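Worksheet: the structure to be examined is printed underneath.
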Amino acid sequence: MTNGNQTLTRYTATFVAHLYQAGMEEVVISPGSRSTPLALLCMHHPKLQTTIHIDERSAGFFALGRAKATRKSVGLICTSGSAAANYYPAIVEAKQSRVSLVVLTADRPHELRDVGAPQAMNQNQMYASYAKWYHETALPECSEMMLRYIGKIAERAVAVSTLTPKGVVHINFPFREPLMPNLADGNLWKNVVGQDDFFVSPPLISATAKFHSTQLKHIFEQITSKTRGLIVCGPEMDSTYHVAIGKLAEKLHIPVFTDILSQLRSMEHPCFIHSYDTLLRSSLVQEKLCPDWIIRFGAAPVSKALSQFMASVPFLAVVDEAADFRDPSHRADVFYCGSVISFCEQILMKENELTLQKSLYLSIWQTLHKTVQLFYKDCLGHFSDLEGKVVLPVLEQLDENDALMIANSMPIREFDSFYIGAQNCGFVYANRGVNGIDGLVSTAIGLAQSYPRLTLIIGDLAFYHDLSALLLLKQLPCNLKLILINNNGGGIFSFLPQANDQTYFEAVFGTPIDMDFQKAAVLYSLPYACADLADANQKIMELYETEGAAILEIYSDRFKNQKAHEKLWTTICQKIEPIVLELMK
């Protein structure tokens, strides 16, 4: 067996070659024995980029980050048994956030299943509805028909994972021993299917949706008959649609609420209102400025205040590229399946029918937005216990070539509330598919491979959940600035009704872990600094003077942070509510 298993080699190499021809450029490999053919042949391929990570759970999220950054399908390879189960959290997130992953799990052959063989479990359909497509391959053969079959499976896997909505494909490979492929074959990548060039299937084409005339008429009736309209831009992976949104908002003379993940926060446009999360803390604003209709693009917004505001609107239209019916409030009157740009263009094509009168509605929102911007610029620093104080100092260090990843729970909410200027910090990422705190460091390191500099804002519990990901930085050095907001527990629960329970709150929700994270930095040989909120600004500046990956830990008190938010919202409401009443006279 010096030269390895020739049948296994040709069969698996054909699959790997067709993955690349179908558009896959990267594969993340979790070490193991049963996956030997897939792992070695991916590494041996002259153009595939491979990354090895021993922690499957972290590897899954790293692949998720790579797929987000590249907008391409990324492969994941693991051995049989519980290894595949450890990919599950990342697969759930990929499905919910529409990210392309092709998961390749090695498996025992059929005769070793359900008989007590080691490292064997039922891997069929193990990711259930979280996989767009599942297929278990035939055992390796090298007839021309079987090589065509396995090549088509590879092409289909990449195509299905990347077609709208993007998602996860799971291919399960039963392999018999011996598992070692023949890597000494000099013609391995030139002639594995018996001809000079690989046959490639015609590409699958996803047609651009065209809205039916009755659908357009339905929304025209809303936007032309009532002047109080509003556009809400939710989380979106595309940053090119801002021009179309701006043109539509100008024509309709309505405000645009820009979610922190909409990629519009850095855009300066007179119709873009970035401070809505703050403004909607006022019940008077919600009452007096309730719109007659809303068009929502993308996923549901991060802001709870905005979601509640949208739930009471008389007419809500959701525009989404896939028919996933993303409407957690069950309030949408119409779903439009198509791209944002296509929708805007088709509405604007009917420009002659849009005989709209300008109203005060947009100008009121613009005045309130400028008021909040000035207030935060002058006064936010006075709220000494507010974790959101770090937002502006961080943004000041970033530019359009950077990327920012924001962890769930408190960090994403702080940035949604306080990133209201037009600082261009580059692309903004988060794992908002299921809003979990697992795998965030792994995802950030995956993203960081595609950017000259990436900043991760993360809390202490989320950081602890994914400490093992820091091992990746040893083999994949990158310019990752990790800002750890340590309030010793689950700070977000302090804002929920559970906080009123004095008996069990700390044990069940607060969950302080009292970790010395400096020792984690030492373990992984990473530069480390720490600061209190009071001296965070200077330390943030120093962090960005450090070369390569580095950690800055900022200590906070979650109870004081909650009180600071209460005081801030009260103060801002007292400032803006008289303005609302005056403008609406």
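Quick caveat: nothing in here was measured; it's all calculated off a predicted structure.
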Establish, yes or no, whether a centroid distance under 6.0 Å links the rings of [X] and [Y].
X	Y	answer
Phe418	Tyr376	yes
Phe257	Trp365	yes
Tyr127	Tyr88	yes

Go through it in stages, so that I can follow the logic: the residues are Val256 and Ile273, the test is side-chain contact (heavy atoms from CB on, under 4.5 Å), and I'd like the CA-CA distance, side-chain angles, deciding distance and then a yes or no. CA-CA 6 Å; Val256 179; Ile273 307 297; over 6 Å; no

List the atom of [X], the atom of [Y], and the distance in Å for their closest heavy-atom pair.
X	Y	result
Leu447	Tyr451	O-CD1, 3.3 Å
Glu506	Phe559	OE2-CZ, 3.5 Å
Glu93	Asn435	OE1-N, 4.1 Å
Pro31	Thr79	O-CG2, 4.4 Å
Val74	Ala63	CG1-CB, 3.9 Å
Ser30	Tyr87	OG-OH, 2.8 Å

Taking [X] for its side chain and [Y] for its backbone only, find out whether a donor-acceptor pair lies under 3.5 Å.
X	Y	answer
Asn408	Asn431	yes
Asn479	Pro452	yes
Arg265	Thr258	yes
Asp402	Asp399	yes
Glu268	Ser266	no
Asn487	Ser556	no
Asp259	Val302	yes
Gln562	Gly491	no
Ser525	Ala521	no
Ser275	Thr278	no

Rounded distance [0.5 Å steps], [atom1] in [X] versus [atom2] in [Y]:
X	Y	atom1	atom2	value
Phe383	Glu566	CZ	CD	12.5 Å
Ile52	Leu472	CD1	CG	11.0 Å
Ile260	His274	CD1	NE2	9.5 Å
Asn486	Asp516	CG	CG	10.0 Å
Glu287	Ser312	CD	OG	11.0 Å
Phe62	Thr443	CZ	OG1	10.0 Å

If you count heavy atoms of other groups shown closer than 6.0 angstrom to OH of Tyr528, is the number above 12? yes

Crowding at OH, Tyr130 (>12 non-hydrogen neighbours, <6.0 Å): no

Lys/Arg-Asp/Glu bridge criterion (N-O < 4.0 Å) met for Lys389, Asp385: no

Start with the C-alpha distance between Ser450 and Arg66, add both sets of side-chain angles, then the distance that settles side chain to side chain donor-acceptor pair (under 3.5 Å), and finish with yes or no. CA-CA 8 Å; Ser450 294; Arg66 295 303 303 132; 2.8 Å; yes

Pairs satisfying salt bridge (Lys or Arg N to Asp or Glu O under 4.0 Å), at least one member in residues 536-553, at least two apart: Lys539-Glu542

Residue pairs meeting salt bridge (Lys or Arg N to Asp or Glu O under 4.0 Å), one or both in residues 478-490, sequence neighbours left out, come to none

Below 4.5 Å, heavy atoms only, C-beta onward: do [X] and [Y] meet side chain to side chain?
X	Y	answer
Ser282	Leu280	no
Ile483	Leu456	no
Arg453	Tyr544	yes
Ile457	Leu484	no

List the steps and the verdict of side-chain contact (heavy atoms from CB on, under 4.5 Å) for Ser58 and Asp466. CA-CA 7 Å; Ser58 177; Asp466 205 21; 4.1 Å; yes

Lys474 to Tyr524, cation-pi by 6.0 Å centre distance and 45° axis angle: no

Run Phe517 and Phe463 through ring-ring contact (aromatic ring centres under 6.0 Å, His included) and show every step you take. CA-CA 9 Å; Phe517 288 112; Phe463 184 60; 5.2 Å; yes

If you apply the rule side-chain contact (heavy atoms from CB on, under 4.5 Å), what do you find for Tyr419 with Leu395, and how did you get there? CA-CA 8 Å; Tyr419 177 11; Leu395 293 174; 3.3 Å; yes

Could I get the full list of ring-ring contact (aromatic ring centres under 6.0 Å, His included) partners for His269, not counting sequence neighbours? Phe272

Start with the C-alpha gap between Ser417 and Trp569, add the side-chain angles, then the distance that decides, and say whether side-chain contact (heavy atoms from CB on, under 4.5 Å) holds. CA-CA 11 Å; Ser417 295; Trp569 302 141; 4.0 Å; yes

Polar side chain donor-acceptor pair, Ser262 to Glu236, under 3.5 angstrom: no

Looking at Arg413, Glu414, Glu387, which hits side-chain hydrogen bond (donor to acceptor under 3.5 Å, both in side chains) with His565? Glu414

Given the rule in the ring-ring contact (aromatic ring centres under 6.0 Å, His included) test, do Tyr429 and Phe427 qualify, once you have shown the distances and angles that lead to the verdict? CA-CA 7 Å; Tyr429 293 94; Phe427 214 91; 4.8 Å; yes

